[in-house]
Amino acid sequence: MLILIADAFDTSLPKQLSRFGEVTSDPARLGEADIVLVRSKTKCTSDWMAGAPRVKAIIRGGVGMDNIDMESAASKGILTLNTPTASSIAVAELAFSLMLAVPNHISEYDAGMKSGKWLKNLKRTELYGKTIALLGMGNIATEVAKRALAFGMKVVAYDCSKKGSPYAEMKDSVEDAVRDADYVSVHLPLNAATNHLVDRKLLEVMTRKPVIINTARGLCIDAQAMVDALENGQVSWYAADVYPSDPPSPDYPLLKCEHVTLTPHVGANSEENLGRIGDEVVRIIERLKDEGKV
Ligand SMILES: NC(=O)c1ccc[n+]([C@@H]2O[C@H](COP(=O)([O-])OP(=O)(O)OC[C@H]3O[C@@H](n4cnc5c(N)ncnc54)[C@H](O)[C@@H]3O)[C@@H](O)[C@H]2O)c1
Ligand SMILES: O=C(O)[C@H](O)COP(=O)(O)O
């Protein structure tokens, strides 16, 4: 069996996988591979699959499957699997870091100190007593909610398929969730229903000039509508880890906008999480072998 590690995984993974067969990271060997491991970088399109005639399983180390053409894979009998819970803590901690950094002016204070400005008059605001709306109440949002509760925040959420949670007051619509929120954190998969879910209309529903945090997918928000909302003060800050493409094109409007904090898609990229993802990949291959699927 040949396992192709197509994207950047934990450095210990090739050794761990060697008990299953040969392991390579040479993309030129796609045509010989039985299993391919990807993160978000490799785009598993129908054309890409045509170059992988032996592949029985594509394993996505991570959560989002939007870089994999699932329909094509299914039609070719290729299994598609991910590591659904491995990244929850890593991403929740990044969302929370952004949520702490913005009202505490960490980047402005730092830049001020280094340019000789003593910005003591710039007041911080506390998370305590504020309301956070979570869009999507799955694995990552649940970890964000637990941390928000520990900070004394009120947590509300909207999820199209979850009507209850021990960690959030569930709302019946996305509008109801965001209306009175001071913070809105996006935790949705990218699909036809969530593409531009945060659009001009939804931004207009928000009454509290919220900080919006997006560690889900860049296309879940309408970037131009977000720029306009930041410029007219309807939204006070946008903090994001995700873009329509990695990296975003130089003319992505939010790159040049004020009151925006950005990170380079590092939600899953903690040392610990890459280790967890690798361990989960090993368990998946073990199971597929036991079931005779690879
Ligand atoms: N920044 C990063 O590095 C990073 C890392 C991991 C995941 N992500 C992104 O975060 C997303 C969420 O991850 P998760 O682990 O919480 O996934 P999850 O599947 O556990 O939760 C997603 C939730 O969204 C809900 N949902 C789906 N469509 C909806 C809609 N139209 N309206 C309302 N709710 C809807 C689902 O019911 C589900 O409960 C992933 O799909 C991925 O795109 C980003
Ligand atoms: O959906 C995910 O798991 C994340 O967006 C992480 O993507 P990455 O594996 O490319 O860091």
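In listed order, ligands and their atoms are each counted from 1. Numbering starts at 1 and runs along the sequence shown. None of the values given here were measured: they were computed from a predicted structure. Side-chain atoms are counted along with the backbone in the values below, which use heavy atoms only and exclude waters and symmetry mates.
The shortest contact between atom 1 (O) of ligand 2 and any protein heavy atom is with G64 N, 2.7 Å. Atom 3 (O) of ligand 2 has V63 N, 2.6 Å as its closest protein atom, hydrogens excluded (heavy atom only). Here the protein heavy atom with the shortest distance to atom 10 (O) of ligand 2 is S40 OG, 2.3 Å. Looking only at heavy atoms of the protein, atom 2 (C) of ligand 2 is closest to R60 NH2, 3.2 Å. Residue, atom and distance of the protein heavy atom nearest to atom 30 (C) of ligand 1 are C160 SG, 3.6 Å. Ranking protein heavy atoms by distance to atom 6 (C) of ligand 2, first place goes to H265 NE2, 3.5 Å. When hydrogens are left out, the protein atom nearest atom 11 (O) of ligand 2 is R39 NH2, 2.8 Å; that is the closest non-hydrogen contact.
Here's the thing with A268: one of its N/O atoms is less than 3.5 angstrom from an N/O atom of ligand 1. Considering both main-chain and side-chain atoms, S161 comes within under 3.5 Å of ligand 1 through a nitrogen or oxygen pair. Checking only distances, D159 does come within under 3.5 Å of ligand 1, N or O to N or O. Considering backbone and side-chain N/O atoms, N139 comes within less than 3.5 Å of an N/O atom of ligand 1. When only interatomic distances are considered, the shortest N/O to N/O separation between V266 and ligand 1 does not fall below 3.5 Å. Taking distance alone, with nitrogen or oxygen atoms compared against 3.5 Å, V242 stays at or beyond that limit from ligand 1. Looking at ligand 1, you'll find an N or O of D241 within less than 3.5 Å of one of its N or O atoms. At a 3.5 angstrom cut-off on N or O pairs, N269 does not count as close to ligand 2.
Not a single heavy atom of G62 lies less than 4.0 angstrom from ligand 1.
Cation-pi check for K171 over Y158 is not met; the charged atom does not lie both under 6.0 angstrom from the ring centroid and within 45 degrees of its normal.
Taking the charged nitrogens against the carboxylate oxygens, E143 and R147 do have a contact shorter than 4.0 Å, which makes a salt bridge. Note on K114 versus D110: salt bridge recorded, some NZ/NE/NH1/NH2 to OD/OE distance being below 4.0 Å.
For the pair S270 (side chain) and N273 (backbone), a donor-acceptor distance under 3.5 Å is present.
Using a 3.5 Å distance cut-off with no hydrogens or angles, the side chains of T215 and D241 do not pair a donor with an acceptor. For S12 and D10, the side-chain atoms include at least one donor-acceptor pair closer than 3.5 Å.
Contacts of T194 with ligand 1, taken as heavy-atom pairs under 4.0 Å, involve the side chain alone.
Taking the six-membered ring where the residue is Trp, F151 and F96 present tilted rings, their angle falling between 30° and 60°.
Between N214 and V242, the closest heavy-atom pair is O-CG2, 3.4 Å.
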